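In listed order, ligands and their atoms are each counted from 1. Bear in mind the structure is a predicted one, so any value in this text is a computation, not a measurement.
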Amino acid sequence: MKKDLERVLYSEAEIHETVKRLGVQISADYAEKNLLLVSVLKGAVVFMSDLMREITVPCAIDFMAVSSYGQEAKSSGVVRILKDLDIHLEGYDVLIVEDILDSGCTLNYIMGLLADRHPNSMRICTLFDKPEGRKAPVKADYVGMLVPNEFIVGYGLDYAEKYRNLPYIAVLKPEVYKG
Ligand code: IMP
Ligand code: MG
């Protein structure tokens with residue numbers, strides 16, 4: 001696996017510090033709310049499981065799965081629901097937990113869909129933000145770390161379903177996804 005990596009971008013310790021900081025912020029902001037963390041499978045699952053343990057106020061969790069990339073490293077702009085939420089959103093303050101915000105097409109679609117279900121409120125928390133990649137008008141309310149316009153893997157993030165189990169974030173060598 002390591003031979004495919006160009007360099008480590010964020011270490012395990014750096015990620016942990018960031019997740020802790022986000023947990024503190026969210027716990028303060030949602031003290032009087034009815035928090036529901038909604039995570040988008042599968043990339044955000046590692047972040048979700050760490051973040052929820054840094055949140056000190058009561059919260060529910062739910063998952064949805066969409067596909068936007070397939071085997072490609074570039075966004076196709078097409079978003080398909082593979083698994084919907086189980087929980088009805090009415091009465092909940094929804095916080096969408098994302099691994100990485102790139103073009104914003106995925107979240108733009110999901111936000112529209114969930115807004116129609118009338119939650120109390122809806123915000124976005126993303127661990128990584130790639131602002132240069134943005135195509136849709138989406139802004140995250142909580143951002144962990146900025147990343148350059150390169151393809152990163154690890155800590156849940158994959159390329160063609162690989163590298164999710166790396167505990168750190170690394171830049172993938174371009175020749176790996178460009179063939
Ligand atoms: P967006 O719709 O372009 O914002 O794409 C968001 C989704 O694309 C993320 O949830 C990731 O699953 C995937 N993605 C975007 N950039 C990367 C990357 O650098 N590495 C791995 N997955 C990425
Ligand atoms: Mg994702």
Side-chain angles (χ1 to χ4, degrees), residues 1-12 14-15 18-19 22 26 36-52 61-85 94-115 122-179:
M1 242 179 353
K2 283 191 179 147
K3 68 174 179 11
D4 299 340
L5 309 177
E6 196 164 273
R7 65 183 194 279
V8 173
L9 191 62
Y10 290 116
S11 69
E12 224 177 319
E14 285 173 304
I15 298 170
T18 301
V19 175
L22 292 171
I26 292 165
L36 170 63
L37 301 175
V38 167
S39 171
V40 185
L41 296 172
K42 305 174 209 172
V45 80
V46 177
F47 175 40
M48 174 75 142
S49 69
D50 283 347
L51 179 67
M52 61 190 278
I61 64 167
D62 204 354
F63 296 90
M64 66 188 300
V66 301
S67 84
S68 59
Y69 276 82
Q71 301 274 307
E72 314 267 315
K74 268 196 314 179
S75 177
S76 59
V78 177
V79 178
R80 204 157 52 94
I81 294 194
L82 304 176
K83 183 219 171 284
D84 207 340
L85 298 174
V94 172
L95 183 61
I96 299 176
V97 175
E98 251 290 36
D99 48 2
I100 182 165
L101 186 53
D102 183 16
S103 73
C105 296
T106 313
L107 272 192
N108 196 37
Y109 178 85
I110 292 173
M111 296 282 285
L113 186 95
L114 301 188
M122 191 164 49
R123 283 182 172 179
I124 298 172
C125 173
T126 188
L127 182 54
F128 300 108
D129 189 2
K130 234 192 239 183
E132 285 172 66
R134 204 75 88 251
K135 289 187 198 132
V138 175
K139 249 193 103 201
D141 302 279
Y142 303 91
V143 176
M145 294 181 277
L146 296 178
V147 292
N149 210 5
E150 293 175 289
F151 203 78
I152 59 169
V153 293
Y155 198 74
L157 290 159
D158 74 311
Y159 171 66
E161 298 299 332
K162 270 169 72 184
Y163 317 104
R164 293 194 198 275
N165 54 324
L166 294 172
Y168 47 82
I169 284 286
V171 174
L172 195 60
K173 283 183 183 162
E175 60 258 38
V176 176
Y177 57 87
K178 286 180 181 148

Within-4.5 Å side-chain heavy-atom neighbours: I15 and M145: yes
Check each of L172, D99, D102, L101 against atom 12 (O) of ligand 1 and report the one with the nearest heavy atom. D99
Is L157 close enough to touch ligand 1? Criterion: a residue heavy atom under 4.0 Å from a ligand atom. yes
For residues Y163 and D4, is any side-chain donor paired with an opposing acceptor at under 3.5 Å? yes
So the atoms of ligand 1 within less than 4.0 Å of a heavy atom of E150 turn out to be 19 (O)
More than 12 heavy atoms of other groups within 6.0 Å of K173 NZ: yes
Report, in ascending order of atom number, the atoms of ligand 1 lying under 4.0 Å from any heavy atom of S103. 1 (P), 2 (O), 3 (O), 4 (O)
Ligand 1 atoms nearer than 4.0 angstrom to some heavy atom of T106 are 1 (P), 2 (O), 5 (O), 6 (C)
Plane angle bin for F128 and Y10 - parallel if under 30°, tilted between 30 and 60°, otherwise perpendicular: parallel
Look at ligand 1 and say whether K135 reaches it with a heavy atom at a distance under 4.0 Å. no
State whether the shortest distance between N or O atoms of I152 and N or O atoms of ligand 1 falls below 3.5 angstrom. yes
If we number the atoms of ligand 1 from 1 as shown, the ones under 4.0 Å from a heavy atom of E98 are 10 (O)
List ligand 1 atoms under 4.0 Å from D158, heavy atoms only on the residue side. 21 (C)
For K42, is there an ion pair with D99 - N to carboxylate O distance below 4.0 angstrom? no
Would you check whether G104 has a nitrogen or oxygen atom less than 3.5 angstrom from a nitrogen or oxygen atom of ligand 1? yes
